Amino acid sequence: MSGATFISTTIPYVNAKPHLGHALEYVQADAYARHRARQGDDVLFMSGSDENSLKNVLSAERLNISTRELVDTNVVYFERLIEHLDLRVDHFVRTSVDIDHIKGATEFWRRMEKSGDIYSKEYEGLYCVGCEQFYGEAELVEGKCPEHLTVPELVRERNYFFRLSRYQDALLEVIESGALAVWPASRMNEVTSFIRGGLADISISRSIERARGWGIPVPGDPGQVMYVWIDALTNYVNGLGFVRDAEGYHKYWENADRRVHAVGKGVIRFHAVYWPAMLLSARVPLPTDVVVHGYITLSGQKLSKSLGNVVDPAELVQQVGTDAVRYYLLADISPFLDGDFSEERMVSRYNSDLANGLGNLVSRVTSMVTRYRDGIVPEGGAVTEADTALVNQVAASTAEATAAMDRFDGREALARIWDLVRHTNAYIDGRAPWHLAKADDAASQEVLDTTLLHLVGAVRRLGWLISPFLPSASDAILGSLGESLKSVSVAEPWLDGLPGCGIEKAPAIFPRLELPVD
RNA sequence: GGGGCGGUAGCUCAGCCGGUUAGAGCAGGGGACUCAUAAUCCCUGGGUCGCGGGUUCGAGUCCCGCCCGCCCUACCA
């Protein structure tokens, strides 16, 4: 146990601006990264951009600019989205720029070659530029690429091939033994049945002509560049300094407890079959988890540029704020299945859960401590059934949310956290502190003290619990209690250190949003 | 064609190896309260659990067939 966790997003092509699907994967990976970090792991969260793609070359040609110019321009939108969504990305790989990546991909290729897994042969196939992938006739729909609905081009040239076929048994073994877990289980079934169906060797290079001279050269053959997926997959180790045998590589990959890839359902095969096989060939440890999310539809329709229904996540953040977007993506969209986006639903969940639920709870608690005890958290008195029930809910929500996150299920985690939000609100009404405050007998005052202490404890715990999902709100809540995340531990008794603390009436953490009227 | 995953209250979903009157959140209806972001709390859910058979003392929960949606995979004519 090294206590280290590696988590990555896929690296998108930067031939266009990011859409909501990118945002989904980003926040899912970010929540997991923050979760593990909070559990005490040393976490490295990596993202990046896939720039060596023919798709980028063609987009640039259409715009009449250089490929370099295109990727340099577009990558900024992704970096900006990462900021807008408040992601704690530790390292961002640019595959056409980073020297570690370019050298690393080359070294990776050499290792596969050394294992005897690379050979060249004449090949002819139907290639979809949009997918950067060869298709068999049978996979086409009316002769067109099923993803892009364009006619693939017939390509014939000498290419290098990877002996994927050799790794069929080994891959089944790592997946079935659980060494490489694919989430959810249904996706794992897909992968194993695909492998059982037989693995053919795959083309891993293309002529420099077809690539328009863009891409990472194949070592020892200036006429060929690497197939974009081959260099792209190696970004995960290259971003850690694989080629330099860097300390980061040893720590966050080779010796890490968890090596996690968050991916979309469209690229499972690359991450759960090709990439592990490449790693086996290069004799590098495999990922431990591949977590597969679905796609986001918009009012039931697939996001597509031609339909003009692409939602710009950056714009969305500007309209409703980072918390609303993060919360919606994490709490409402299934982590594993396709989800539907609707602005109305996003606003509705924000208002009911964040503004009316948690936000209002923080307001009323801080307000009562300020009003009834001059902002000083009191010592508690005798504990009764209602207090114990609250304590139990704190423990249950904490345990359940933590366990859910270890299953990559942020939606479930948030649901269990909100059990505590509701329970705490109900606890307040059950105690009616405003009545206790008016009663001047000692007994009532003691109950009030106990109640306020427990409330502050619950709010503190909630602030801690939401930190992977809503980091800035978490800071705000803990800040209003004079706490920072670092000073709060799950291990310590949950009311420790609270009596005597000075707190202030918190400003609205989640101001209500108005539904867009149109 | 083969395989997989879904089809549960208006909406989004829970329901593990079959077992008392099928659940949650939101929305809707009624009531209470005032600390709070007109927020909160309490009460309120007669849903053919896609359809039809079957196994069982008993089935959303297992078996068979069918319908619908999505996905993976392959082409037998």
Side-chain angles (χ1 to χ4, degrees), chain A residues 135-141 146-147 182 184-200 264-269 272-273 292-295 297 299-302 328 331-342 344-373 375 386 400 404 407 409 411-412 414-438 448 451-452 455-456 459 473 476 480 505-515:
Chain A
Y135 279 102
E137 302 262 8
E139 292 176 283
L140 301 176
V141 178
E147 284 281 328
V182 180
S186 55
R187 295 296 179 191
M188 192 192 81
N189 292 341
E190 270 179 35
V191 170
T192 52
S193 74
F194 173 73
I195 297 173
R196 281 209 186 81
L199 298 178
K265 67 180 182 181
V267 294
I268 302 178
R269 201 185 300 173
V273 180
V292 186
H293 67 255
Y295 291 158
T297 55
S299 306
Q301 287 188 309
K302 207 170 189 173
Y328 179 74
D332 204 72
I333 304 285
S334 163
F336 305 121
L337 305 174
D338 288 355
D340 193 56
F341 174 84
S342 103
E344 195 177 82
R345 199 169 158 75
M346 177 178 69
V347 171
S348 157
R349 288 220 56 160
Y350 174 94
N351 280 339
S352 62
D353 293 358
L354 297 180
N356 299 350
L358 179 57
N360 185 235
L361 172 64
V362 174
S363 290
R364 58 201 306 217
V365 169
T366 54
S367 166
M368 286 190 287
V369 174
T370 306
R371 183 188 284 238
Y372 303 137
R373 289 296 180 264
E400 289 161 1
R407 298 192 308 269
D409 194 341
R411 185 171 63 166
E412 172 70 12
L414 284 165
R416 299 290 69 81
I417 292 168
W418 252 256
D419 289 342
L420 178 57
V421 173
R422 281 185 291 272
H423 189 116
T424 308
N425 269 319
Y427 169 83
I428 295 179
D429 285 61
R431 276 289 157 78
W434 43 95
H435 287 154
L436 295 170
K438 284 177 191 155
L448 180 56
T451 301
L452 293 176
L455 284 174
V456 173
V459 168
S480 72
K505 165 102 172 77
I509 295 170
F510 306 110
R512 285 180 63 84
L513 293 172
E514 294 307 318
L515 263 172

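The basis for the numbers below is simple: all heavy atoms, side chains too, and nothing from hydrogens, waters or symmetry mates. It should be emphasised that the depicted structure is a prediction, and the values quoted were computed from it without experimental measurement. Just so it is clear: chains get the letters A, B, ... in the order the sequence lines come, proteins before strands, and each one is counted from 1.
- Taking the C1' atom of each, B/rU44 and B/rC62 are spaced 36 Å apart, rounded to whole Å.
- Counting only heavy atoms from C-beta outward, the side chains of A/S480 and A/K505 never approach each other to under 4.5 Å.
- At the heavy-atom level, A/A355 lies under 4.0 Å from base atoms of the strands shown.
- A/N425 comes within contact range of the sugar-phosphate backbone alone, with a heavy-atom separation under 4.0 Å but no base atom that close.
- Separating the P atom of B/rC42 from that of B/rA27 is a span of 14 Å, rounded to the nearest Å.
- Because its glycosidic torsion is more than 90° from 0, B/rG54 is reported here as anti.
- Mapping A/G357 and A/R364 onto RNA chain B by nearest heavy atom places A/R364 at the nucleotide closer to the 5' end.
- Summarising the geometry, atom CD belonging to A/E412 is positioned 7.5 Å from atom CD belonging to A/E400; distances are rounded to the nearest 0.5 Å.
- Of the possible donor and acceptor atoms, one in the side chain of A/N351 sits under 3.5 Å from a partner among the backbone N and O of A/L513.
- Between B/rU61 and B/rG54, the distance separating the two C1' atoms is 16 Å to the nearest Å.
- Interatomic distance, A/T424 OG1 to A/R364 CZ, rounded to the nearest 0.5 Å: 10.0 Å.
- Only the P atoms considered, B/rC49 is 15 Å distant from B/rU21, to the nearest whole Å.
- When the C1' atom is compared between B/rC43 and B/rG50, the two are found 33 Å apart, to the nearest whole Å.
- Nucleotide B/rC11 holds its P atom 13 Å from the CG atom of A/D340, rounded to whole Å.
- Nucleotides B/rC17 and B/rA59, compared at atom C1', are 14 Å apart to the nearest Å.
- At a threshold of 4.0 angstrom between heavy atoms, the contacts of A/L337 with the nucleic acid are absent.
- Looking at A/D409 and A/R416, no side-chain N of the basic residue comes within less than 4.0 Å of a carboxylate O on the acidic one, giving no salt bridge.
- Heavy atoms of A/S193 sit nowhere under 4.0 angstrom from any nucleic acid atom.
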> Step by step, would you call A/L354 with A/W418 a side-chain contact (heavy atoms from CB on, under 4.5 Å)?
Replying inline: CA-CA 10 Å; A/L354 297 180; A/W418 252 256; 3.7 Å; yes

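- Annotation: the span from A/I333 atom CD1 to A/D340 atom CG amounts to 7.0 Å, rounded to 0.5 Å.
- For A/R411 and A/M368, each mapped to the nucleotide of RNA chain B holding its nearest heavy atom, the one lying further toward the 5' end belongs to A/R411.
- If you measure from atom CG of A/L455 to atom C1' of B/rC41, you get 14 Å, rounded to the nearest angstrom.
- Taking atom C1' in both B/rC26 and B/rG19, the straight-line distance is 31 Å, to the nearest Å.
- A/R422 comes within contact range of the sugar-phosphate backbone alone, with a heavy-atom separation under 4.0 Å but no base atom that close.
- In this structure, A/Y328 contributes its side chain and A/V347 its backbone to no donor-acceptor pair below 3.5 Å.
- Comparing B/rG58 with B/rC11, their C1' atoms are spaced 33 Å from each other, to the whole Å.
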> Just by protein heavy atoms under 4.0 Å, how would nucleotides 29-34 of chain B read 5' to 3' in B, S and -?
Replying inline: ----SS

> Which dot-bracket string describes RNA chain B (Watson-Crick N1-N3 plus N6-O4 or O6-N4, or G-U N1-O2 and O6-N3, all under 3.5 Å; [ ] crossing; | other strand)?
Replying inline: (((((((..((((.....[...)))).(((((.......))))).....(((((..]....))))))))))))....

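- Counting non-hydrogen atoms under 4.0 angstrom, A/R512 reaches a base of the nucleic acid.
- Looking at heavy-atom distances under 4.0 Å, A/G197 makes no contact with the nucleic acid at all.
- The NZ atom of A/K265 lies 9.0 Å from the CG atom of A/L337; values are rounded to the nearest 0.5 Å.
- Put simply, the side chain of A/M368 reaches to within 4.5 Å of the side chain of A/I428, judged on heavy atoms.
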